[in-house]
Colleague: 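First, the structure itself, so that you have it in front of you.
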Amino acid sequence: MKVTEQKAEGLKKKYQVVIEHKDFEEKVEQKLNDVAKNVKLPGFRPGKAPKEMLKQKYRTSVMGEALDEIVRDAADQVVKENKLKLALRPNISITKFDEGKDIEFDIEAEILPEIKVGDFSEIKVEKLMAEVPAEEVEKALQYIVSSRRETAKIEDAAHQAAKGDTLIIDFVGSIDGVEFPGGKGNDYPLELGSGTFIPGFEDQLIGAKAGDKVEVKVKFPEDYHAKELAGKDSVFAVTVKEMREPKAVELNDEFAKSIGEESLDSLKESIKNRIKADYENTSKLKLKRNLLDKLDEAYKFDVPESLVEEEFKSIEAQYKRAKELNQLDEHEKTTPEEELMKEYKKIAERRVKLGLLLSEVGAEAKVTVTTDDLNKAIMNEAKKYPGQEKAVFDFYLKNAKAVEALRAPVFEEKIIDFVLDKVKVEEKTVSVEELYSFDENPKPAKAKKSSAKKAAK
């Protein structure tokens with residue numbers, strides 16, 4: 001076998017390989033011998049058929065298999081002898097394959113960059129911290145109260161529905177006189193003012209009485225999750241069957257005990273700790289982002305175009321899927337698609353670059369993922385679904401692939417923790433708004449509401 005390096009541009013390599021005809025013939029002969037051991041030809045015992053007859057009958061069929069095998073083995077040898085760390089499998093193209101002549105083919109490959117891991121102690125990162133405001137605890141407490149508040153039937157037949165009342169309704173939705181899937185419900189408890197239904201629906205039931213039939217006319221939002229309903233005018237035939245009002249809940253030690261706490265003070269402390277844990281998770285997320293930004297700035301090396309393209313296609317596919325389901329965010333909706341694709345390409349390059357860097361760090365630090373690490377990851381997944389923990393455990397118990405899918409993110413987290421132990425971390429106390437601000441247009445109210453609800457669960 002003769003190998004000639006034809007191109008070496010950056011991470012791209014190209015080799016021309018020549019395999020002598022006699023080596024190929026030996027491979028074909030080997031394949032024919034394998035056939036001869038089992039083939040049955042009329043008038044001959046297995047393995048006793050004349051070689052010329054076998055060649056005449058089977059040579060053409062084994063040539064393709066022999067060619068594929070000898071080229072693949074030769075390509076593997078080129079990779080091994082040149083110590084190539086491949087980004088992806090190389091492209092192989094046969095340039096000459098004629099009867100009785102040497103075989104020639106090209107190997108085009110893209111290799112991984114050489115990355116020299118430096119001293120992380122020179123890197124400084126900032127960890128944002130926030131104290132839990134008393135009003136956050138109170139907000140979460142009120143959320144718990146509202147979620148457990150009972151209602152009592154309003155006996156006054158003349159009572160007109162107002163915000164805060166819960167109406168027991170039957171409803172049937174239609175568009176252009178035709179009912180649509182998912183637009184029907186019976187004995188549905190709808191709290192007016194809760195924003196449960198699409199905008200405008202609940203407002204049209206204010207003033208209704210028990211027994212009333214109300215025709216509610218609303219338009220589905222343009223970004224409604226069901227694409228077939230988005231932006232369409234609809235009519236709901238609503239029957240108000242009963243009206244109920246909330247019963248007062250006395251917030252005391254007895255209430256706290258009813259939800260598993262020893263006292264009202266312990267309930268508040270528990271809420272505070274849960275919010276604090278949520279803040280800590282957000283703090284860790286921002287710290288990780290800050291670290292990755294610093295690493296991106298500190299390390300400069302070429303990344304394989306093939307890996308970037310593969311990552312970009314994955315991001316693009318997610319975007320197209322979200323677009324089909326009307327689940328694009330405001331930035332994606334208002335940005336021309338051509339500009340979005342440029343952004344996604346840069347994101348793909350960053351992901352590949354940081355992925356390669358972290359992989360190299362993990363290899364040098366001999367970071368491994370143990371069974372205990374995976375079990376902890378499964379436990380964390382289960383915590384995301386209160387009340388359904390057993391179902392989550394059963395899912396992973398029966399799905400080895402799902403467990404294996406956790407390995408990569410766990411590996412990454414362990415490497416990041418390793419790096420964080422080496423860098424200089426400076427803590428900074430900030431407001432809750434700043435802690436939850438992940439872009440130039442922070443949405444503190446939304447973030448705080450999320451914290452309160454998580455703590456209340």
Side-chain angles (χ1 to χ4, degrees), residues 115 117-137 139-140 268-300 346-347 350-370 372-373 376-377 379-381 383-384 406 408-457:
I115 303 172
V117 179
D119 183 4
F120 293 124
S121 65
E122 299 297 317
I123 296 177
K124 294 180 181 179
V125 292
E126 193 174 61
K127 183 177 182 180
L128 303 184
M129 312 284 286
E131 298 295 330
V132 180
E135 57 266 26
E136 276 292 280
V137 177
K139 186 185 296 183
K268 290 180 179 180
E269 187 64 24
S270 178
I271 290 172
K272 182 178 180 179
N273 289 336
R274 291 174 190 174
I275 295 176
K276 188 175 181 180
D278 188 45
Y279 286 6
E280 181 60 31
N281 288 336
T282 303
S283 177
K284 177 69 181 292
L285 182 63
K286 297 197 79 168
L287 176 62
K288 175 182 175 180
R289 177 180 289 192
N290 186 214
L291 174 64
L292 293 177
D293 287 342
K294 295 287 186 178
L295 293 176
D296 190 25
E297 293 172 9
Y299 287 84
K300 305 296 180 185
K346 289 181 180 179
I347 291 172
R350 173 186 162 95
R351 286 185 183 177
V352 171
K353 176 184 177 182
L354 292 173
L356 292 174
L357 174 59
L358 292 177
S359 181
E360 186 66 25
V361 172
E364 287 194 13
K366 294 182 172 56
V367 175
T368 58
V369 178
T370 66
D372 284 344
D373 292 328
K376 287 178 183 177
M379 287 286 288
N380 289 332
E381 286 296 309
K383 288 177 183 177
K384 297 177 184 178
L406 294 174
V410 169
F411 181 61
E412 180 182 294
E413 283 301 315
K414 291 192 73 173
I415 297 170
I416 288 175
D417 287 341
F418 170 81
V419 177
L420 284 173
D421 284 339
K422 306 293 182 183
V423 302
K424 295 177 182 177
V425 180
E426 297 177 352
E427 295 187 354
K428 179 183 177 182
T429 301
V430 297
S431 66
V432 178
E433 287 83 358
E434 187 174 348
L435 177 64
Y436 278 90
S437 173
F438 281 89
D439 50 37
E440 295 179 356
N441 300 301
K443 303 180 177 86
K446 183 175 182 181
K448 291 174 75 175
K449 181 178 180 182
S450 175
S451 299
K453 287 188 175 181
K454 283 184 180 179
K457 289 182 179 179

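Since we're looking at a predicted model, the values are computed, not measured.
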Colleague: Using every non-hydrogen atom in the two residues, find where Tyr279 and Pro133 come nearest and quote the distance to one decimal.
Modeller: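 Closest heavy-atom pair between Tyr279 and Pro133: OH-CD, 3.6 Å.
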Colleague: Between Asp296 and Arg289, is there a salt bridge with N-O shorter than 4.0 Å?
Modeller: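 Here Arg289 does not pair with Asp296 in a salt bridge, since their nearest N and O are not under 4.0 Å apart.
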Colleague: Which heavy atom in Glu126 sits nearest to a heavy atom in Asn290, and how many Å separate them?
Modeller: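 Nearest heavy atoms, Glu126 then Asn290: N-OD1, 2.7 Å.
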Colleague: Got more than 12 heavy atoms from elsewhere within 6.0 Å of NZ, Lys414?
Modeller: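 Yes, because the 6.0 Å sphere around NZ of Lys414 holds more than 12 heavy atoms from other groups.
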Colleague: Donor-acceptor check, side chain of Tyr436 to backbone of Thr282, threshold 3.5 angstrom: yes or no?
Modeller: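 No; judged by distance alone, with no hydrogens or angles, the pair does not exist.
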Colleague: Report yes if some heavy atom in the side chain of Leu292 is under 4.5 Å from a heavy atom in the side chain of Lys288; otherwise report no.
Modeller: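 Yes; the side chains approach each other to less than 4.5 Å.
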Colleague: Got a second to check how far Leu435's CG is from Glu131's CD, nearest 0.5 Å?
Modeller: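 It is 11.0 Å, given to the nearest 0.5 Å.
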Colleague: For the side chain of Lys422 and the backbone of Asp119, is there at least one donor-acceptor N/O pair under 3.5 Å apart?
Modeller: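 Side chain of Lys422 to backbone of Asp119: no pair is present.
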Colleague: Please give me the minimum heavy-atom distance between Ile275 and Glu136, naming the atom from each residue.
Modeller: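 Closest approach of Ile275 to Glu136: CD1-O, 3.7 Å.
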Colleague: Once you round to the nearest 0.5 Å, how far does CZ of Arg274 lie from CD1 of Ile271?
Modeller: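 Those atoms lie 7.0 Å apart.
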Colleague: Identify the heavy atoms of Lys268 and Val137 that sit nearest to each other, and give their distance.
Modeller: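 Looking at all heavy atoms of both residues, the closest pair is O-CG1, 3.8 Å.
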Colleague: To the nearest 0.5 Å, how far apart are CG in Leu358 and CD in Glu413?
Modeller: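 Between atom CG of Leu358 and atom CD of Glu413 there are 10.0 Å.
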Colleague: Is there side-chain contact between Phe120 and Leu295, with at least one heavy-atom pair below 4.5 Å?
Modeller: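 In short, these two side chains touch, coming nearer than 4.5 Å.
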Colleague: Could you tell me the separation between the CG atom of Leu406 and the NZ atom of Lys376, rounded to the nearest 0.5 Å?
Modeller: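 Result: 14.5 Å between the selected atoms.
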Colleague: Before accepting this row, confirm whether a basic side-chain N of the pair Lys127/Glu280 lies closer than 4.0 Å to the acidic partner's carboxylate O.
Modeller: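 Between Glu280 and Lys127 there is a salt bridge, with a charged N closer than 4.0 Å to a carboxylate O.
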Colleague: Is it true that Asp293 and Arg350 have a side-chain N and a carboxylate O under 4.0 angstrom from each other?
Modeller: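 A salt bridge is present here (some side-chain N lies under 4.0 Å from a carboxylate O).
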Colleague: Hey, is Glu269 close enough to Lys272 for a salt bridge, meaning N to O under 4.0 Å?
Modeller: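 No, this pair does not count.
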Colleague: Within a radius of less than 6.0 Å around CE of Met379, do more than 12 heavy atoms belonging to other residues, nucleotides or ligands occur?
Modeller: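 No - once you tally the heavy atoms of other residues, nucleotides and ligands closer than 6.0 Å, there are 12 at most.
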Colleague: Would Asn273 and Ser270 count as a side-chain hydrogen bond (donor to acceptor under 3.5 Å, both in side chains) here? Give the steps.
Modeller: CA-CA 5 Å; Asn273 289 336; Ser270 178; over 6 Å; no
Colleague: Inspect the contact between Lys286 and Glu434 and indicate whether a charged nitrogen and a carboxylate oxygen are less than 4.0 angstrom apart.
Modeller: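 Looking at Lys286 together with Glu434, the answer is no, because their closest N to O distance does not fall below 4.0 Å.
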Colleague: Measure the shortest side-chain to side-chain distance between Leu354 and Glu412 over non-hydrogen atoms and say whether it is less than 4.5 angstrom.
Modeller: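 Contact flag for Leu354/Glu412 side chains = no.
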Colleague: Using the rule given for side chain to side chain contact (heavy atoms under 4.5 Å, CB included), can you reason through Lys300 versus Lys353, listing the C-alpha separation, both sets of side-chain angles and the distance that settles it, and then say yes or no?
Modeller: CA-CA 9 Å; Lys300 305 296 180 185; Lys353 176 184 177 182; 4.2 Å; yes
Colleague: Identify the heavy atoms of Phe411 and Gly362 that sit nearest to each other, and give their distance.
Modeller: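 For Phe411 and Gly362, the tightest heavy-atom pair comes out as CZ-CA, 4.2 Å.
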Colleague: Nearest heavy-atom pair of Ser283 and Leu128: which atoms, and what distance?
Modeller: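 Answer, listing the atom of Ser283 first, then Leu128: OG-O, 2.6 Å.
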